[in-house]
J.: 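Shown below is the structure under consideration.
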Protein chains: 2
Amino acid sequence: MKTVLHGGCGETATELHTDCHKVIMPVRDALDVISGKWKLPIIIAVSRGHKRFRDIERSIPKITSKVLSKELKDLEAHKLVKRTVYDSQPVSVEYTLTAYADTLDSVINALQQWGLQHRKKIIGK
Amino acid sequence: MKTVLHGGCGETATELHTDCHKVIMPVRDALDVISGKWKLPIIIAVSRGHKRFRDIERSIPKITSKVLSKELKDLEAHKLVKRTVYDSQPVSVEYTLTAYADTLDSVINALQQWGLQHRKKIIGK
DNA sequence: GTAACCAGTTACCTTAAAGTAAGTGCTTTA
DNA sequence: TAAAGCACTTACTTTAAGGTAACTGGTTAC
């Protein structure tokens, strides 16, 4: 995993630019972690109680095991998801959200609300 | 532009899945519109008062005119940005946010806040 | 009159994300 | 004992996003 934080640019910054960058940089940092088609859907699925690999897979339309496997590893590396192996018979694996993932709640809520009204706007016209 | 809304999947839905999809689908609808490296940075730049093409270009580190041109068209198609041509001498072009784009405020704020604390967490360790 | 600014466009190329399909090793159920 | 479930992996291909660089056609400032 590459962890990137977005820093300044090489240019002479005007007041407007400086102000602007103060918003753009953190937003890009956040997008680096959560953007892509699958990361938020996976976080949502796990937060709703889907803990097992196949269970998560079934709860997210169209996802494949290959993609799920890869994204879960990314999320684990970002400390958003915890993977626990229980050596029962047979061995079972559980994925849970970390406390850190809970801090994404406001982001998910904002996106959900916006997505809902966007859908209404699209359908309603 | 393709406008996609995420609908149900073909499977028999359990209670958990139904609940889960109610969150996943709108989030994916929202991500379809705003994800990618450049859309939110552009919206932020325009909202901060950068109206002219070259001005926006300069305010966003590393963006190129090709990408900016394409993304502005996308945003216009999604009714988030308005392009106005003034036939002064020489002709000037201005980009402004629509009222609809203002509804993204809570999304941008949530991402900015999360990005800031994420940056602190990464640097602080 | 030439250099620079504006608002882009064009062609080409690289990389990363995602999709397709099949297979692995293990276990439990019918 | 054959089928199906679990948790994945591997190999290959397609698609989309983004980057590089040059160029257009107009305008204005030096």
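Note that the structure is predicted; figures quoted are calculated from it, not measured. In the text below, chain A, chain B and the rest are named by the order of the sequence lines, each starting its count at 1.
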J.: Does R52(B) have a side-chain nitrogen or oxygen under 4.0 Å from the phosphate oxygens OP1 or OP2 of dA7(C)?
T.: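 Result: yes.
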J.: Do any side-chain nitrogens or oxygens of Y95(A) fall under 4.0 Å of OP1 or OP2 in dC6(D)?
T.: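 It does not, given that no N or O in the side chain of Y95(A) lies less than 4.0 Å from OP1 or OP2 of dC6(D).
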J.: I need the CD-C1' distance between E57(A) and dG5(D), as an integer number of Å.
T.: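 Taking atom C1' of dG5(D) as the reference, CD of E57(A) is at 12 Å.
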J.: Going through the checks in order, is the side chain to side chain contact (heavy atoms under 4.5 Å, CB included) test met by R119(B) and M25(A)?
T.: CA-CA 10 Å; R119(B) 173 183 293 252; M25(A) 298 312 175; 3.8 Å; yes
J.: Do you see a donor-acceptor pair shorter than 3.5 Å between the side chains of T103(B) and W114(A)?
T.: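 Result is yes, a qualifying pair exists.
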J.: Run the salt-bridge test on E57(B) and R54(B) with the 4.0 Å N-O cut-off and return the result as yes or no.
T.: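 So E57(B) pairs with R54(B) through a salt bridge.
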J.: Considering the options E71(A), K66(A), K73(A), which one meets the side-chain contact (heavy atoms from CB on, under 4.5 Å) requirement together with S69(A)?
T.: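 Option passing the side-chain contact (heavy atoms from CB on, under 4.5 Å) with S69(A): K73(A).
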J.: Are R28(A) and W38(B) in a cation-pi setup, meaning NZ or CZ lies under 6.0 angstrom from the ring centre and within 45 degrees of the ring axis?
T.: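 Yes.
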J.: Can you tell me how far C1' of dA17(C) sits from CG of L72(A), to the nearest Å?
T.: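 So the two atoms are 16 Å apart, to the nearest Å.
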J.: If the sugar-phosphate is the primed atoms plus P, OP1 and OP2 and the base is the rest, what is the B/S/- string for nucleotides 20-30 of chain C, using protein heavy atoms under 4.0 Å?
T.: B------SS--
J.: Take atom NZ of K70(B) and atom C1' of dA7(C), then tell me their distance rounded to the nearest Å.
T.: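 Whole-Å distance recorded here is 18 Å.
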J.: Mind calculating the distance between NZ (K51(A)) and P (dA7(D)) to the nearest angstrom?
T.: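 Value for this atom pair: 13 Å.
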J.: Under a 4.0 Å N-O cut-off, is there an ion pair linking E76(B) with R83(B)?
T.: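 Between R83(B) and E76(B) there is no salt bridge, as every charged N stays at least 4.0 Å from the carboxylate O atoms.
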J.: Decide yes or no on side chain to side chain contact (heavy atoms under 4.5 Å, CB included) for V81(A) and L97(A), but give the supporting numbers first.
T.: CA-CA 5 Å; V81(A) 156; L97(A) 293 190; 3.9 Å; yes
J.: Please report the distance, rounded to the nearest Å, between CD1 in I56(B) and P in dA7(C).
T.: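 Computing the I56(B):CD1 to dA7(C):P distance gives 9 Å.
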J.: To the nearest 0.5 Å, how far apart are CZ in R48(B) and OG in S59(B)?
T.: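 Spacing of CZ (R48(B)) from OG (S59(B)) equals 11.0 Å.
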J.: Using a strict heavy-atom distance below 4.0 Å, which residues from residues 28-44 of chain A are in contact with DNA chain C?
T.: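 Result for residues 28-44 of chain A: G36(A), K37(A), W38(A), sorted by number.
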J.: Please tell me which of the listed nucleotides, dA7(D), dC6(C), dA7(C), lies nearest to the side chain of R58(B)?
T.: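 Side chain of R58(B) sits closest to dC6(C).
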J.: Below 30° counts as parallel, above 60° as perpendicular, anything between as tilted: where do the rings of F53(B) and Y95(B) land?
T.: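 If you compare the ring of F53(B) with that of Y95(B), the planes turn out tilted.
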J.: Using a 3.5 Å cut-off on both pairing distances, which stems of three or more Watson-Crick or G-U pairs include DNA chain D?
T.: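 As far as DNA chain D goes, consecutive pairing (with distances under 3.5 Å) yields the stems C:1-30 with D:1-30.
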J.: Measure CD/E71(A) against P/dA7(D) and give the value in whole Å, please.
T.: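 These atoms are roughly 18 Å apart.
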J.: Figure out the CZ/P separation between F53(B) and dC5(C), and round it to whole Å.
T.: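 Rounded to the whole Å, the gap is 15 Å.
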J.: Quiz question: by atom type and distance under 3.5 Å, do the side chains of Y100(A) and H78(A) form a donor-acceptor pair?
T.: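 H78(A) and Y100(A) do not have a side-chain donor-acceptor pair below 3.5 Å.
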J.: Please report the distance, rounded to the nearest Å, between CG in L68(B) and P in dA7(C).
T.: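 Interatomic distance, CG of L68(B) to P of dA7(C): 10 Å.
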J.: Looking only at side-chain N and O atoms, does D55(B) offer a donor or acceptor that is under 3.5 Å from a partner on H50(B)?
T.: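 Yes, because at least one side-chain N or O of H50(B) sits under 3.5 Å from a partner of the opposite role on D55(B).
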